[in-house]
J.: 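The structure under discussion is supplied below as structure tokens; questions concerning it will follow.
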2 protein chains.
Amino acid sequence: MADKVTIATVARHARVSRQTVSNVLNAPHIVREETRLRVQDAISALGYRANQAARQMRTGRSRLIAARIEPTRDGINGSVLDRFLHGLTETADAAGYRVLLYTATDDEREIATYDDLLGTYELDAFVLVGTKHGDPRTAWLAGRDVPFVTFGRPWDALDAHPWVDVDGAAGTAQATRHLLAAGHRRIAFIGWPLGSGVGDDRRAGWRDALHAAGVDPTGLHRETEDGIAEGERLMRDLLAAVEPTAVVCASDSLALGALQAIRGTEPPVSVIGFDDTPVAAAVGLASVSQPLGEAAARCVDLLTGVLDGNHETPTHVLLQPALALRHTA
Amino acid sequence: MADKVTIATVARHARVSRQTVSNVLNAPHIVREETRLRVQDAISALGYRANQAARQMRTGRSRLIAARIEPTRDGINGSVLDRFLHGLTETADAAGYRVLLYTATDDEREIATYDDLLGTYELDAFVLVGTKHGDPRTAWLAGRDVPFVTFGRPWDALDAHPWVDVDGAAGTAQATRHLLAAGHRRIAFIGWPLGSGVGDDRRAGWRDALHAAGVDPTGLHRETEDGIAEGERLMRDLLAAVEPTAVVCASDSLALGALQAIRGTEPPVSVIGFDDTPVAAAVGLASVSQPLGEAAARCVDLLTGVLDGNHETPTHVLLQPALALRHTA
DNA sequence: CTCGCCATCTTGAACGATCCAATTCGGATA
DNA sequence: TATCCGAATTGGATCGTTCAAGATGGCGAG
């Protein structure tokens with residue numbers, strides 16, 4: 001392991017020029033078969049690996065993708081980001097890219113971080129998780145023609161940039177239809193405050209499914225910030241006010257709270273959560289399951305499509321969630 | 001934003017040579033104050049950022065640290081890694097380093113990944129989370145003089161390499177003493193199978209605290225793989241066998257299971273978990289809290305110490321956990 | 001036989017930073 | 001005034017790769 005193996009070492013060993021070695025790596029079709037094999041042999045014999053820094057200096061591409069890691073707030077929903085990041089790392093790896101982490105406390109600092117990462121590391125692309133109405137980050141990135149994908153729709157203009165998302169409305173609708181089929185009619189919903197794209201979408205699926213079945217959803221829903229305690233509080237409120245026989249929740253945290261509130265009701269109130277977190281699986285909570293691994297994979301697909309210039313690839317992907325049935329529904 | 005700002009652009013703007021600009025950045029003390037300020041002004045006026053690839057090519061250092069991200073298994077304990085990674089990213093950032101993610105399915109592939117990352121990206125260091133007896137990964141890294149730190153002690157030889165860890169035994173001992181002070185005597189322990197460094201350490205803290213108080217721990221402990229269902233099962237077993245009045249668990253997952261098993265006991269059996277996950281906070285479970293942010297920071301400290309050649313820095317750090325008291329204890 | 005063409009391979013230059021050796025310059029010393 | 005010294009600055013070489021342009025050789029057409 002004494003001295004480094006460079007492209008020149010390989011060239012000497014295979015008795016060709018540096019450029020030919022480079023061609024074997026980057027444009028194999030213009031090299032004669034026999035030569036190509038000889039170079040390949042030299043590469044594996046010497047254990048040569050292309051130096052990324054030198055390559056980057058010439059090509060301007062780092063094969064690095066940035067993703068943000070947030071502090072765990074809830075711990076339950078945190079695992080969603082966790083699983084997404086894991087999938088992203090795996091798929092990016094297979095596509096020849098690596099994932100670089102960054103953090104930021106607010107949008108302004110996050111944008112400053114973009115600038116820094118682009119300037120010093122020449123990042124190839126960004127993956128943003130979660131978007132909100134009028135997101136300044138996507139505007140900044142788009143304004144500079146920086147390739148990026150969001151996991152989460154741009155709620156203002158669907159064609160603003162490439163995105164991957166899971167159809168939350170379809171998930172809550174499916175959950176609601178399952179409960180309807182089981183004979184429930186007073187099916188409540190506990191969700192997030194109006195105005196968040198994700199929260200409104202999940203509520204809409206529940207509402208539309210009830211409408212389609214001829215059930216009036218008026219008065220059957222409550223809104224709060226995410227959290228177990230909040231879910232428990234609102235569920236007690238619903239039980240007292242409208243006596244629902246089932247409830248669909250916008251998150252597993254809210255659903256866990258609801259579970260605590262309904263303890264002892266007879267017949268048991270059915271509960272369905274959202275995200276299919278491992279905690280839900282552990283306590284037997286039915287939940288809408290997002291295909292996070294696939295979402296991450298499609299993000300990488302979209303990025304490589306943009307980076308490698310395949311403009312034919314679709315610019316957005318909407319994945320369908322699945323209902324994980326357990327004993328609470 | 002048309003043309004790139006290089007060190008030459010800054011030099012021209014400040015009417016000095018490239019080398020002087022480089023000195024301002026890397027050895028400010030050898031540049032005259034007046035010149036230094038002029039260069040600094042030019043740097044901020046032009047928005048210059050040193051190109052990392054070019055710097056790396058000359059110096060051989062990438063200012064990149066690799067960390068592994070694992071698939072979420074339990075979801076509760078997953079948030080521990082999550083919080084650690086977040087802290088790592090934050091502190092590394094402050095120290096001028098960035099965190100690169102990787103995954104691997106087994107030790108052999110993980111070592112192959114090390115080789116790849118070192119060869120193509122010239123990583124400066126690795127952070128390994130969790131170590132086991134006879135870990136082949138640390139042996140490989142140490143054998144190549146690759147700088148690395150583990151979060152978790154090397155259970156075979158404490159001086160094998162730099163590490164940061166949290167004193168698990170102290171945590172369970174503290175939890176046990178708290179229960180003893182509250183008048184409990186039959187304090188049980190639910191932990192992991194014998195042979196895991198972390199699990200044995202946490203059990204030892206409980207056992208020693210009982211010994212110190214003159215209580216015989218025989219028969220009061222049970223072992224299982226981690227999980228909520230497992231915790232519930234073993235707690236029922238303990239209740240039937242030895243009627244404990246309190247229990248200390250090796251993880252919050254096990255403790256949550258125990259909580260389900262003791263429902264309705266009167267007086268309530270006290271439960272203390274381990275890791276102070278957000279789920280524990282949400283359901284009011286008392287738990288031993290690991291200073292994950294500080295652990296991450298100390299990992300970065302140790303690494304920068306090694307990387308910058310400060311051999312005076314300590315090679316290992318043992319942090320003390322704190323007891324987060326809630327209504328289950 | 002010569003020319004041109006194609007496929008293949010080689011040579012020199014560049015990317016942007018740092019390291020090294022050489023040079024300038026103001027001031028102190030002889 | 002000439003010489004020297006050290007601090008500050010300068011130009012050239014270099015890291016490993018890819019790009020652009022040039023060299024080589026074989027082969028068929030004119």
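Chain letters run A, B, ... following the sequence lines, proteins first, then strands; residues in each count from 1.
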J.: Between B:Y102 and B:E110, do the side chains contain an N or O donor and an N or O acceptor separated by less than 3.5 Å?
T.: yes

J.: Round to a whole Å and report the spacing from CE of A:M57 to C1' of D:dT17.
T.: 8 Å

J.: Can you check the A:N23 CG to D:dT17 P distance for me, whole Å?
T.: 14 Å

J.: Quick one: does A:R58 reach the base of D:dT18 with a side-chain donor-acceptor pair under 3.5 Å?
T.: yes

J.: How many angstroms lie between CZ in A:R144 and OH in A:Y114, if you round to the nearest 0.5 Å?
T.: 12.5 Å

J.: Could you note down all residue pairs passing salt bridge (charged side-chain N to carboxylate O under 4.0 Å, His left out) where residues 36-48 of chain A supplies at least one of them, sequence neighbours left out?
T.: A:E33-A:R36

J.: Could you measure the distance from the CG atom of B:L64 to the CD atom of B:Q56? Nearest 0.5 Å is fine.
T.: 7.5 Å

J.: What is the bend of the helix from C:dC1-D:dG30 to C:dA30-D:dT1 when you compare the axis at one end with the axis at the other, using five pairs each and rounding to 10°?
T.: 70°

J.: Which atom pair, heavy atoms only, marks the closest approach of A:C299 to A:F151?
T.: SG-CB, 4.3 Å

J.: Nearest whole Å is fine: how far is D:dT14 P from A:K4 NZ?
T.: 15 Å

J.: Go through residues 29-42 of chain B and report each residue with a non-hydrogen atom lying under 4.0 Å from DNA chain C, sorted by number.
T.: none

J.: Heavy atoms within less than 4.0 Å of DNA chain D: which residues of residues 11-19 of chain B have one? Give them sorted by number.
T.: B:V16, B:S17, B:R18, B:Q19

J.: Could you tell me the boundaries of the chain B footprint on DNA chain C, defined by atoms under 4.0 Å from its heavy atoms?
T.: C:dG16 to C:dC20

J.: Report the relative orientation of the aromatic rings in A:H316 and A:W163; use parallel for angles under 30°, tilted for 30 to 60°, perpendicular for over 60°.
T.: parallel

J.: Which residue pairs pass the salt bridge (charged side-chain N to carboxylate O under 4.0 Å, His left out) test with at least one member in residues 42-55 of chain B, sequence neighbours excluded?
T.: A:D115-B:R49, A:D116-B:R49

J.: When you compare the side chain of A:I69 with that of B:D82, does any pair of heavy atoms fall below 4.5 Å?
T.: yes

J.: Have a look at B:L25 and tell me which of B:I43, B:T20, B:V39 forms a side-chain contact (heavy atoms from CB on, under 4.5 Å) with it.
T.: B:I43

J.: Using side-chain heavy atoms (C-beta onward) and a distance below 4.5 Å, is B:F126 in contact with B:L141?
T.: yes

